[in-house]
Each structure stands twice: as structure tokens, then as C-alpha cells.
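Accompanying notes for the structure given below.
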Amino acid sequence: MKVNEAKERIEALSSQLEEHNYKYYVLATPTISDYDFDMLMDELIKLEKEFPQFASETSPTQRVGGQITKAFPVVVHKYPLMSLSNTYSEDEVREFDERIKKIIGNTFQYVCELKFDGVAISLSYEKGKLTKAVTRGDGIRGDDITANVKTIRSIPLKLKQGDYPDAFEIRGEILMLKKVFEQINAERVEIGEEPFANPRNTTSGTLKLQDSSEVAKRQLDCFLYGLNGENLHFQSHFESLKAAAGWGFKISDNIRRCKNLNAVFSFLKYWEANRYNLPYDIDGIVLKVDNLDQQQELGATAKSPRWAIAFKYKPESAVTVLNSVTFQVGRTGAVTPVANLEPVTLAGTKVKRASLYNEDQIEKLGLHIGDTVFVEKGGEIIPKITGVDFSKRKKNTLPIRFITHCPECHTKLIKPEDGALHYCPNDDYCPPQILGRIEHFSSRQAMNIDGFGKETIELLYENGLIHNVADIYELKSEQLISLDRMGKKSAENLIHAINESRNIPFEKVLFALGIRFVGDTVAKRLARYFTTIDSIASASVETLTEAPEVGQKIAESVYQYFRNTHHQQLIQRLKKSGLKFEILKSEKSGHQLQGLTIVATGTLKNYKRDQIKDLIERLGGRASGSVSSKTSYVLAGEDPGENKISKARELGVPIISEEAFEKLIGN
Ligand code: IVH
């Protein structure tokens with residue numbers, strides 16, 4: 001590509017991507033698929049690599065991260081970040097209102113906003129570009145975390161056309177959606193890591209990560225709620241937020257102008273009842289005097305402005321009785337205590353169980369069976385026990401002792417020195433570990449064996465047909481048919497699905513083995529770096545850490561895994577069954593598509609979306625999401641995108657079938 005063409009394409013891609021970002025993350029009304037978005041992003045990343053002179057500080061590629069910050073520089077805030085005075089009582093809100101009336105009279109309005117439970121951030125913009133993102137710190141100075149903040153898709157790197165001032169600062173709250181938090185925790189538990197406590201702490205921890213590409217993966221979000229600057233010609237706070245929304249910032253829809261305290265109280269009541277339906281956590285409502293001159297007149301105390309107050313909701317809590325504690329064993333052997341409660345209604349749902357996390361938590365609470373306990377629904381979805389009503393404790397009750405032996409296989413538990421969790425070390429014979437491992441192995445993200453779910457696994461295990469994942473590949477349909485609840489057809493389907501899984505690529509097989517701390521990303525990195533299981537198995541801890549994203553903890557776990565003779569035997573058997581234990585030739589990189597740009601559209605027989613993209617790139621080609629005169633081929637599967645096909649016809653770009661594509665790459 002010629003230099004001026006590259007420059008034009010980079011600019012076009014950048015503005016398209018930024019617009020799609022805005023539609024997706026700020027307006028929540030996307031107009032292209034994730035796949036097409038990724039394709040455009042990949043094209044831009046590649047072009048910027050080739051023509052770094054055109055890669056700008058505000059390019060959408062900054063969203064992907066990659067910058068490592070060793071220590072975050074400390075920056076003095078131009079406008080100190082004051083805190084808010086807060087209250088839990090309506091009477092104190094009335095007193096606040098009275099104080100204001102004494103100073104500015106009766107004619108004023110409030111703006112009521114949600115009080116987001118996240119991490120405060122101050123963003124600086126110059127000539128429409130994000131220049132700095134600084135944490136609150138002590139209010140006077142904070143940490144410059146710009147590289148990390150640039151990965152947050154709802155924060156504009158470049159503003160939309162508008163009459164924004166040359167330089168200004170905008171404040172807001174960075175947060176993590178509850179569903180993202182749950183997903184991250186599910187993945188952590190899955191690989192044997194301890195779950196994070198709540199979305200706020202996770203957000204705060206994430207923003208301090210040194211590698212911004214890790215931050216990017218955590219999918220943080222950000223609402224803005226306050227503008228500061230020299231030449232802002234707004235009359236009111238409300239207007240300023242409306243204007244900021246027009247410049248591209250994400251401003252909450254749940255902001256109300258309130259003429260009097262009655263309107264304020266109905267807003268408070270409404271959100272008290274409905275806050276758990278929001279996709280993120282709030283811990284109260286912020287009341288602000290709307291008119292900016294009136295704000296000035298009211299001024300501030302040493303700590304907080306007199307024109308605003310936070311009304312905080314008491315955490316929703318209930319009182320109930322702790323009936324018993326169950327200890328659950330997961331597939332990694334981690335033992336989690338769960339409290340069984342007398343059922344009680346909390347924040348609109350019936351609660352029967354609460355997580356107790358680990359031994360430290362039980363000791364901190366000083367729990368006895370039969371205790372009357374307080375349960376709260378905080379940021380977490382699973383409620384937790386926050387305290388004991390000691391006045392109600394019955395005589396002669398005993399403190400809960402953490403079990404010393406596995407409740408399932410009675411093996412003595414171990415507790416690694418650097419962790420808070422207990423483990424059952426009997427990996428090979430402890431039933432929930434065996435079942436959990438097989439379930440993980442056959443799951444969709446791993447070997448993807450259709451019909452091989454929890455119930456089937458239990459049935460086969462109870463009948464002595466499987467004991468480990470290698471047994472799966474030695475199952476015969478006659479054995480299956482002989483079981484209750486298994487017809488001829490389902491048995492055949494199952495055998496078919498098992499056979500299909502022999503073709504699953506190495507990186508998925510590696511993930512499927514369920515090595516502690518090896519999630520799907522790490523498995524991918526290890527597979528691509530070492531290319532065969534034998535080289536992973538024989539690598540030293542030090543060599544293992546050479547692979548991207550593999551730290552000491554992961555390396556030690558992988559090293560230990562392969563030192564276990566049972567694991568060695570298991571892998572030998574799986575190898576004999578024909579599973580892939582190395583990256584295949586066709587998966588290795590080649591040059592068949594060097595210099596070609598390929599747009600895939602429609603459903604392909606042999607490749608999923610991300611697989612085809614991966615393959616094109618490994619063979620030296622460029623996978624793109626949009627057809628242009630630069631496109632070499634459009635690879636059309638079933639139901640191809642009409643626009644892409646007609647564009648290809650218009651430009652005379654060859655449209656090829658999946659079969660033709662396979663010939664092209666020599667398969
Ligand atoms: S206004 C000077 N508005 O609450 C007033 N703060 O102590 C500046 N917060 O950590 C704050 N949602 O980050 C304001 N809608 C909102 C807010 C909000 C959350 C946080 C803020 C700060 C704390 C106030």
C-alpha cells in the first residue's frame with residue numbers, strides 16, 4: 001500500500017471505529033456485528049504497525065492496550081477532588097435543604113443523580129483529545145493512569161464535533177458491570193483462583209494493573225457526572241451534562257431535575273426499591289444544586305461543597321438463622337464453605353444460602369451453628385453473612401470448625417501457605433474432582449462434546465464406565481445402550497460427538513486438561529509458544545515463564561502437573577486415542593495468503609468466525625471486515641452478507657467458495 005493511501009485508510013478506519021465504539025458503548029445501539037468490528041480493528045492495528053508515523057495517541061487501537069506502566073506518575077489536580085458530605089437519614093436531607101435556603105433563598109432546583117459505586121476519575125481534554133486520566137488519590141494529587149483508562153471503550157479518546165472548550169476536565173466514576181464481574185469470577189473459580197470480592201474492588205485493582213492490555217480485557221465502563229473548566233458558559237449543571245453527552249461522553253439517563261424536596265424524596269424512594277435492577281452497583285443518590293452561580297454562592301467547607309450531599313442507602317439486610325454449613329469441593333479440589341440459612345426475603349429474592357468464602361471469614365465472624373445472623377446483599381450477587389447477633393446466641397453452641405478432611409473422600413485437606421483456601425489433595429480418586437474435571441474437559445469451551453453434560457457424566461461414572469477423561473475415548477456404544485435412560489440413538493450420537501472431539505485443536509485440548517491456573521488464554525499462549533505438549537512437559541519453570549502471560553505461579557503449576565505420573569499416563573492414553581497434542585501443520589503459520597486481504601462472510605462449514613480469522617492471519621493474510629478495492633477475495637459461506645456480495649460485484653472483487661479457499665491454502 002502506498003503511503004498516502006495508508007494514511008487515508010488509517011484515518012477512515014479510525015473514525016469508523018470510534019463511531020462504532022460510541023454507538024456500542026455509549027448509546028448501546030450497535031450497528032455492526034462484533035466480528036465486523038474486530039476485523040476493522042485488526043486491519044487498523046496492522047496498518048499502524050506498518051505505518052507507525054500515522055498511529056495517533058487517540059487511535060482506537062489504544063483501546064486494545066499493550067502499554068506497560070511500571071509506576072504511575074503522581075499528578076497534582078488542577079481542580080482538587082473534594083468529597084461529598086453524606087447521610088443515611090431523610091431528616092438530614094431536610095436540614096441540608098434548610099441550610100441552602102438560608103443562604104440562597106427559595107428559588108432553586110436540585111439535580112438528583114445516581115451515586116455510582118466505583119472508582120472516581122478525572123479526565124482532561126485538550127482540543128477535543130483525551131490527554132490525561134488521573135485517580136482521585138487524596139483529592140489533591142492522584143495517579144496518572146491514562147494508558148489504562150484509554151482501554152475503556154465508553155470514554156471518548158476524541159470528542160465529537162461540538163462547541164467544547166479548548167481545555168476542560170470532566171469527572172466521573174469508572175465501574176464494572178455486575179455481569180462482567182460475575183463472568184470474571186466464574187473464570188477465576190474455574191481455574192482455581194480465588195474470586196474477587198465485589199465489582200468496586202475489582203475495578204480499583206484493575207486500574208492499578210501495569211499491563212493495559214489486561215485492563216482492556218476487564219471491560220470497564222465509565223459514567224461522567226461533573227465538568228470543570230475556565231470558559232464554560234453554562235448556567236446549570238444539568239445543561240453542562242447534556243452538552244457533555246453531545247460531545248460523546250456517557251452520561252447517565254437516570255438524572256432528574258427536582259423542583260422541591262418531595263420530588264427529591266420520590267427519586268430516592270424509587271431507586272431504593274429499584275437499584276438492584278440496574279446492571280451496575282450504586283450506593284446512594286447525589287443531590288446537587290443545579291444553578292452554577294448558586295453553587296458558587298454556596299461555596300465549600302474545607303472538605304466538601306455546600307451545594308451537594310450524598311444520600312446513602314443502607315445495605316439491604318435481613319436477619320435469619322444459620323442452620324448448618326456445607327463444604328463443597330470443586331474440580332480443582334478447592335473447598336468452599338456454604339452457609340445454609342433459614343429462608344428469608346432479601347432485596348426481593350428468597351435467600352437460602354450464603355457464601356462463607358474460607359476459614360478466615362468464618363473465624364472473623366465467630367460463627368456458631370444456630371446463630372442469628374445478619375445477611376446482606378452488597379455488590380455481590382450471592383448474599384453474605386456480615387455479622388452475628390450475639391445477644392441471641394443459645395447456650396452450649398460450638399464455634400464452626402473448618403473441616404480437616406474432605407467431606408467426599410475423607411482425605412486430609414491441605415492449605416498452601418500463601419493462600420486462603422483449603423484443598424483436597426486426592427485429585428485422582430475424589431469424586432467431585434473427577435466429575436468436575438470430566439465436565440470441564442467436555443464443556444463447550446474445551447473439547448465441546450455435545451450431549452456429554454453433568455447428568456450423563458454422573459450416569460457413566462456411577463456405572464463404572466468412566467473414571468477419567470481418557471476413558472471417554474474408550475467407550476463403546478454397546479456399553480452405553482446397556483444403561484438405563486440411554487436409547488440407541490442417543491448412544492450413537494454420543495459416540496459421534498466423542499469422535500468429532502478428536503479433531504479439536506491442541507490449544508483447546510491443553511485447556512481441557514484443567515491444569516490449575518491455566519485458563520483458555522494461557523492455554524493458547526502456551527500452545528502457540530511451545531507448539532507441542534512434549535516441549536511444554538519437558539520445559540523448566542524458568543522456560544515456561546518465557547511464554548507470554550505466563551508468570552511464576554502458572555509456570556510452577558504447569559511444571560508440577562507434568563511431574564505427576566498419573567497425568568503422564570493420562571496424556572499417553574489421550575495421545576493414543578488420537579487427540580491433538582501439537583499444533584498441526586495447517587495451523588502453523590505459512591505464507592499461502594501473504595499480501596492478500598480476505599473478507600469472510602456467511603456461515604462456513606469447517607470454520608467458526610474466529611477460527612477463519614485466525615487461519616487467514618497465520619497464513620500471512622489480512623482478515624478484513626469490509627469490502628473495498630483492496631480486497632483480494634470475498635470468501636462466501638452460506639447466507640453471505642448481501643452488502644458485501646454486492647460491493648464485491650461492483651468492484652470486481654472475486655467471490656470464492658469455502659472449497660476454493662481450501663484449495664488456495666493447499667488443504
Ligand atoms: S459529585 C464535589 N456525583 O462519590 C462533588 N460523585 O465523595 C464531587 N460519586 O468518590 C462528587 N457518583 O466519585 C458525584 N453522580 C455522582 C457520583 C459521585 C459517585 C462518587 C465520587 C466520590 C464520592 C463522593
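Every number for a ligand or one of its atoms is a count from 1 in the order of the listing. In this text the structure is predicted, and so the values were computed from the model without any measurement.
Short contacts between ligand 1 and Phe116, defined as distances under 4.0 Å to a heavy atom of the residue, involve ligand atoms 12 (N), 19 (C). Within the listing of ligand 1, atoms 2 (C) sit less than 4.0 angstrom from a heavy atom of Pro305. Within ligand 1, counting atoms from 1 as listed, the ones closer than 4.0 Å to a heavy atom of Ala120 are 10 (O), 13 (O). Counting the atoms of ligand 1 from 1 in the order shown, those under 4.0 Å from a heavy atom of Ser83 are 7 (O).
Screening Lys101, Arg99, Arg94 for a salt bridge (charged side-chain N to carboxylate O under 4.0 Å, His left out) with Asp97, the sole residue that qualifies is Lys101. Evaluated for a salt bridge (charged side-chain N to carboxylate O under 4.0 Å, His left out) with Asp117, the options Lys178, Lys312, Arg275, Arg200 yield exactly one hit, Arg200.
Heavy atoms from other residues, nucleotides or ligands lying under 6.0 Å from NZ of Lys352 number 12 at most.
Aromatic rings from Tyr125 and Phe249 are positioned such that their centres are separated by under 6.0 Å.
Among protein heavy atoms, the minimum distance from atom 7 (O) of ligand 1 is reached at Leu84 N, 3.1 Å. Among all non-hydrogen protein atoms, the one lying nearest atom 22 (C) of ligand 1 is Tyr225 OH, 4.3 Å. Looking only at protein heavy atoms, the nearest one to atom 3 (N) of ligand 1 is Lys288 NZ, 3.0 Å.
Residue contacts with ligand 1 for Leu114 involve N, CA, C or O but no side-chain atom from C-beta outward (heavy atoms, distance under 4.0 Å).
With no hydrogens or angles considered, no side-chain donor-acceptor pair links Thr203 and Arg218 at under 3.5 Å.
Ring geometry for Phe116 versus Phe223: interplanar angle under 30°, hence parallel rather than tilted (30 to 60°).
Nearest residue to atom 4 (O) of ligand 1 from Lys115, Arg136, Met82 is Lys115 (criterion: closest heavy atom). Considering each of Gln295, Glu173, Arg171, the one bringing a non-hydrogen atom nearest atom 13 (O) of ligand 1 is Glu173.
Comment: Glu18 does not engage Lys158 in a salt bridge, judged by the lack of any side-chain N to carboxylate O separation of less than 4.0 angstrom.
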